[in-house]
K.L.:
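Attaching a single structure in structure tokens format; questions to follow.
By convention in this document, chain letters (A, B, ...) are assigned in the order of the sequence lines, proteins followed by strands, and residues within each chain are numbered from 1.
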Amino acid sequence: MIRTHEAGTLRGAHAGERVVLAGWVARRRDHGGVMFFDLRDASGVVQVVSRGDDESVHSAGGTGGRPPGGHSLRAEFCVKVTGEVRQRPAGNENPELPTGAVEVVAEAVEVLSEAEPLPFPVEGGTDISEEVRIKYRYLDIRREEMARNLRIRSEAAYLLSDVMREAGFVNLETPYLTRSTPEGARDFLVPVRLKPGSWYALPQSPQLFKQLLMVGGMERYYQLARCFRDEDFRKDRQPEFTQIDLEMSFVSRDDVLAVGEALVATLWREIAGYEVPLPLPRMTYAEAMSRFGSDKPDLRFGVEISDLTAYFANTGFRVFQAPYVGAVVMPGGGSQTRRELDAWQDWAKSRGARGLAYALIGADGSVSGPVGKNISDAERSGLAAAVNASPGDCVFFAAGAAHASQELLGAARLEIGARCGLIDSTAWSFLWVVDFPMFEETDEGGWTAIHHPFTSPLPEWADKFAAEPGGALADAYDIVCNGTELGGGSIRIHRQAMQQAVFDIIGLSAEEAQSQFGFLLDAFKYGPPPHGGMAFGWDRLIMLLAGAESIRDVIAFPKAASGADPLTGAPTPITAAQRKEAGIDARPAQATPPKTG
RNA sequence: GGUCCUGUAGAGCAGUCGGUUAGCUCGUCACCCUGUCAAGGUGAAGGUCGCGGGUUCAAGUCCCGUCAGGACCGCCA
């Protein structure tokens with residue numbers, strides 16, 4: 001090793017020792033006759049003192065025109081420091097620093113490599129555009145916050161491995177070059193040189209392979225799997241992302257949830273120092289939607305949605321003559337200016353709603369505002385009690401189709417929580433959302449699977465889901481933390497007849513099913529075990545654990561929102577020769593018959 | 001595919017009603033400085049105001065287009 005000690009580990013007990021350190025120049029404080037600088041390595045920082053008269057700074061190569069001696073260090077030079085650890089002079093200790101009791105008096109500072117002036121400050125500045133940060137990611141990773149996030153990610157992966165091994169899971173990889181499936185998200189496609197015109201797809205998830213592993217008798221499988229989806233970005237979405245993928249045989253829902261809970265409990269205990277109360281509460285999808293307007297409710301604050309459909313059943317107000325009327329209360333919102341209330345209308349419109357009707361509860365309990373003018377005296381007088389509003393509050397309404405209205409109110413609820421400072425950012429709120437619907441109607445009037453078509457119905461729906469697809473509930477579950485969907489899964493279908501019934505409902509013919517999933521259906525002919533599993537979004541999970549605001553902050557080399565990578569410049573055009581070799585422009589024979597002339 | 005926000009020196013930002021030489025902080029460079037830890041002092045360099053077009057006597061500022069970044073809707077089983 002080039003060094004004898006790590007900078008961040010030095011303490012008073014090391015005083016008098018001669019040490020060799022290596023790292024980066026973090027901050028300099030040059031006083032002419034004496035210079036201090038903080039030497040940073042992976043373990044932390046320690047102050048180095050360099051005297052002007054010791055000619056201690058020199059370049060390793062001895063060339064390059066930089067004069068020997070003098071304090072010619074700049075930020076982020078990579079240096080090797082030889083010197084003696086000593087207690088700092090009385091009064092000069094820095095209690096802010098773990099190493100603040102000591103300093104290293106340099107005998108020699110060797111510049112291992114120089115750094116050009118930085119594109120952004122590595123020390124200090126935090127408000128740096130992400131584009132620049134990602135372009136110079138190697139510098140961004142030197143920053144304390146990013147380095148910490150990545151180390152948390154690493155630690156979490158080790159903990160995951162421990163937990164899963166302890167629970168008897170086998171850790172296996174599944175293919176990255178696989179078969180395109182028309183279901184679900186758009187695939188990333190890979191041309192195949194050996195078979196021009198044919199393409200691999202990168203997996204959206206290892207779903208089908210892990211089910212095959214269950215047929216194969218592995219019984220318990222997990223993997224930290226990279227997944228790929230060619231869809232548009234969000235701050236918590238990347239085109240490639242990582243998930244903890246797991247699957248178990250001979251289990252019911254409770255068994256899978258117990259593994260998920262053990263995993264979360266371990267990660268939060270060891271990394272966040274938080275003891276997750278187990279078992280986690282469970283809430284049905286229907287309850288989550290009606291109370292919180294979301295299938296991933298943030299339970300760190302109240303402000304629940306009131307269902308006013310019955311209250312306004314006989315209303316004369318035409319807007320409220322709808323299949324569903326609901327409301328959510330903004331505490332103290334009654335004092336908002338007209339401009340602020342108008343801004344809510346724009347907010348609602350930006351979400352595709354017509355607007356957000358509101359009423360204001362006066363100090364004397366009177367009801368005013370647009371809705372107040374349009375409802376009857378009786379409706380006005382009971383309103384505050386019906387929505388549990390207090391004087392000075394603002395009540396927002398949504399009326400129309402139940403699902404869309406609840407989602408609007410749910411979004412308004414989150415906005416209220418944020419604007420009114422109701423969310424305790426130090427709190428953790430975990431829950432399972434269970435009993436999702438199996439199907440939803442498509443625009444064409446058919447049905448599509450909400451989770452995926454291999455999801456089993458709840459046991460009580462096993463015999464009747466085909467007759468009543470609109471009401472059928474799936475044995476599917478999501479784990480939610482602080483309003484973020486951390487993961488989800490389901491008990492799978494393992495019987496052919498039931499699988500075919502699901503395909504029938506979603507309009508997938510036997511031939512189509514055979515052509516798309518034939519390998520799975522074939523496998524299910526050979527004694528498939530009952531099985532189920534789940535997947536956690538690893539990036540999102542780490543984001544929450546690290547307290548980061550974007551999954552990009554917990555990914556070493558993320559992509560920008562355009563899908564491009566500012567660091568490497570990918571994606572790039574390829575040469576004509578590459579196109580030819582990859583067979584990109586080849587056309588399948590049946591699509592375009594070979595020309596004869 | 002759609003909506004919105006942003007784009008000014010290496011970084012972060014200001015720039016009024018369209019009007020003189022586009023400012024501030026940090027960083028960089030030079031010099032001074034022996035106890036700082038966001039060191040301090042003096043001075044200097046550094047700008048195609050994203051790009052293109054338009055309106056105007058005059059555009060960083062107004063209009064149109066375009067590109068890039070970000071947020072959201074659609075999408076993401």
Side-chain angles (χ1 to χ4, degrees), chain A residues 26-39 45-54 71-72 74-76 88-97 99-100 103 105 115-136 139 181-187 204-205 207-208 227-239 241 346-353 404 407-408 411 415 436-440 442-443 447-455 474 476 485 488 490 502 506 508 535 537 549-550 552 559-564 566:
Chain A
R27 280 205 163 94
R28 291 158 303 148
R29 295 173 291 278
D30 189 346
H31 291 239
V34 61
M35 177 181 68
F36 306 94
F37 66 91
D38 295 328
L39 181 78
V45 298
V46 71
Q47 173 165 280
V48 176
V49 189
S50 173
R51 303 282 164 184
D53 56 2
D54 61 5
H71 292 144
S72 46
R74 217 189 291 133
E76 300 306 317
R88 293 196 188 187
N92 282 311
E93 301 86 357
N94 183 349
E96 307 280 310
L97 242 49
T99 61
E103 61 193 5
V105 182
E116 292 189 3
L118 303 170
F120 59 84
V122 168
E123 297 286 334
T126 51
D127 289 331
I128 307 154
S129 76
E130 277 203 284
E131 190 186 7
V132 179
R133 284 176 50 201
I134 294 173
K135 181 171 181 183
Y136 298 95
L139 290 178
T181 53
E183 284 280 322
R186 260 190 297 277
D187 288 320
Q204 299 173 25
S205 90
Q207 179 64 35
L208 301 180
C227 304
F228 306 85
R229 292 179 190 173
D230 187 9
E231 295 294 342
D232 286 359
F233 281 63
R234 290 288 186 279
K235 67 179 174 189
D236 60 355
R237 257 195 247 161
Q238 287 268 306
F241 60 98
D346 296 336
W347 173 87
K349 283 172 188 161
S350 77
R351 305 188 59 85
E407 285 194 324
L408 177 65
E415 194 69 23
F436 282 78
M438 274 188 89
F439 305 103
E440 66 182 342
T442 63
D443 295 337
W447 296 97
T448 183
I450 283 193
H451 195 52
H452 57 57
F454 314 109
T455 302
E485 181 193 329
S490 63
V502 169
I506 65 175
L508 198 66
E549 299 207 339
S550 159
R552 288 175 228 127
K559 289 174 179 56
S562 60

K.L.:
Of the options B:G12, B:G10, B:A71, whose atoms approach the side-chain atoms of A:D127 most closely?
P.N.:
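Selected nucleotide: B:G12.
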K.L.:
With sequence neighbours excluded, tell me which residues meet side chain to side chain contact (heavy atoms under 4.5 Å, CB included) with A:P95.
P.N.:
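In terms of side chain to side chain contact (heavy atoms under 4.5 Å, CB included), with neighbours along the sequence ignored, A:P95 is linked to no residue.
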K.L.:
Just to verify, what does A:F228 make a ring pair (Phe, Tyr, Trp, His ring centres under 6.0 Å) with, not counting sequence neighbours?
P.N.:
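For A:F228 the ring pair (Phe, Tyr, Trp, His ring centres under 6.0 Å) partners, ignoring immediate neighbours, are A:Y176.
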K.L.:
Quick one: is A:S129 getting a side-chain N or O under 4.0 Å of the B:G12 phosphate, OP1 or OP2?
P.N.:
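Yes, such a contact exists.
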K.L.:
What pairs with A:F36 under ring pair (Phe, Tyr, Trp, His ring centres under 6.0 Å), at least two apart in sequence or on another chain?
P.N.:
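A:H31.
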K.L.:
When the distance from CG of A:D346 to P of B:C5 is rounded to whole Å, what number comes out?
P.N.:
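The distance from CG of A:D346 to P of B:C5 comes to 11 Å, rounded to the nearest Å.
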K.L.:
Please name the nucleotide paired to B:U56 by Watson-Crick or G-U wobble geometry with both distances under 3.5 Å, or report none.
P.N.:
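Base-paired to nothing in any strand shown.
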K.L.:
Listed by chain and number, what are the side chain to side chain contact (heavy atoms under 4.5 Å, CB included) partners of A:A560, not counting sequence neighbours?
P.N.:
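Only A:S562, A:P566 meet the side chain to side chain contact (heavy atoms under 4.5 Å, CB included) criterion with A:A560.
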K.L.:
Considering only B:C76, B:G69, B:A71, which nucleotide approaches the side chain of A:K235 most closely?
P.N.:
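Nearest listed nucleotide: B:A71.
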K.L.:
Sort out the partner of B:G74 for me: Watson-Crick or G-U wobble, both distances under 3.5 Å, none otherwise.
P.N.:
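Checking every strand shown, B:G74 finds no partner, since no pair has both distances under 3.5 Å.
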K.L.:
Give the intermediate values and the outcome of side chain to side chain contact (heavy atoms under 4.5 Å, CB included) for residues A:F241 and A:R229.
P.N.:
CA-CA 9 Å; A:F241 60 98; A:R229 292 179 190 173; 3.7 Å; yes
K.L.:
Sugar-phosphate atoms are those with a prime plus P, OP1 and OP2; base atoms are the rest. Using that split, label each nucleotide of nucleotides 35-45 of chain B B, S or - for protein heavy atoms under 4.0 Å, 5' to 3'.
P.N.:
BBBSB------
K.L.:
Is a donor-acceptor pair below 3.5 Å formed from side chain A:R234 to base B:G74, judging by atom type as modelled?
P.N.:
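Yes.
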K.L.:
Once you apply the 3.5 Å cut-off to both distances, tell me the Watson-Crick or G-U wobble partner of B:G35, or none.
P.N.:
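Result: none.
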K.L.:
Write down the partner of B:A30 under the Watson-Crick or G-U wobble criteria, each distance required to be under 3.5 Å.
P.N.:
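For B:A30, the partner nucleotide comes out as B:U42, under the 3.5 Å rule.
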K.L.:
Would you classify A:T448 as touching base, sugar-phosphate or nothing, given that sugar-phosphate means primed atoms plus P, OP1 and OP2, and contacts are heavy atoms under 4.0 Å?
P.N.:
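A:T448: no heavy atom of the nucleic acid under 4.0 Å.
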K.L.:
Would you say a side-chain N or O of A:R351 is under 4.0 Å from OP1 or OP2 of B:C73?
P.N.:
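For B:C73, OP1/OP2 do have a side-chain N/O of A:R351 under 4.0 Å.
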K.L.:
Using a cut-off of under 3.5 Å, enumerate the N/O to N/O pairs linking the protein to nucleotides 1-3 of chain B.
P.N.:
{"unit_1": "B:G1", "atom_1": "O6", "unit_2": "A:D232", "atom_2": "OD2", "d": "3.1"}

K.L.:
Of all the choices, B:G12, B:C76, B:G70, which nucleotide is nearest to the side chain of A:A185 once you look at every atom?
P.N.:
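For A:A185, the side-chain atoms sit closest to B:C76.
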K.L.:
Tell which nucleotide pairs with B:A11, taking only Watson-Crick or G-U wobble pairs whose two distances are both under 3.5 angstrom.
P.N.:
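Base partner found: B:U25.
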K.L.:
Using the side chain to side chain donor-acceptor pair (under 3.5 Å) criterion, which residues pair with A:R29? Sequence neighbours excluded.
P.N.:
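Partners of A:R29 under the side chain to side chain donor-acceptor pair (under 3.5 Å) test: A:D38, A:Q47.
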K.L.:
Should B:G65 form a Watson-Crick or G-U wobble pair with both distances under 3.5 Å, which nucleotide is its partner?
P.N.:
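Paired with B:C51.
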K.L.:
Can you name the residues that form a ring pair (Phe, Tyr, Trp, His ring centres under 6.0 Å) with A:F436, not counting sequence neighbours?
P.N.:
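Counting only residues at least two positions away or on another chain, A:F436 forms a ring pair (Phe, Tyr, Trp, His ring centres under 6.0 Å) with A:Y285.
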K.L.:
What residues form a side chain to side chain donor-acceptor pair (under 3.5 Å) with A:E76, not counting sequence neighbours?
P.N.:
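With neighbours one apart ignored, the set is A:R40, A:R142.
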K.L.:
Quick check: does any side chain N or O of A:S205 sit under 3.5 Å from a backbone N or O of A:C227, one acting as donor and the other as acceptor?
P.N.:
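Between the backbone of A:C227 and the side chain of A:S205 there is no qualifying donor-acceptor contact (under 3.5 Å).
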K.L.:
Using a distance-only criterion (donor-acceptor N/O pair, under 3.5 Å, no hydrogens), is the base of B:C75 paired with the side chain of A:R229?
P.N.:
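Under the 3.5 Å cut-off, the side chain and the base do not form any donor-acceptor pair.
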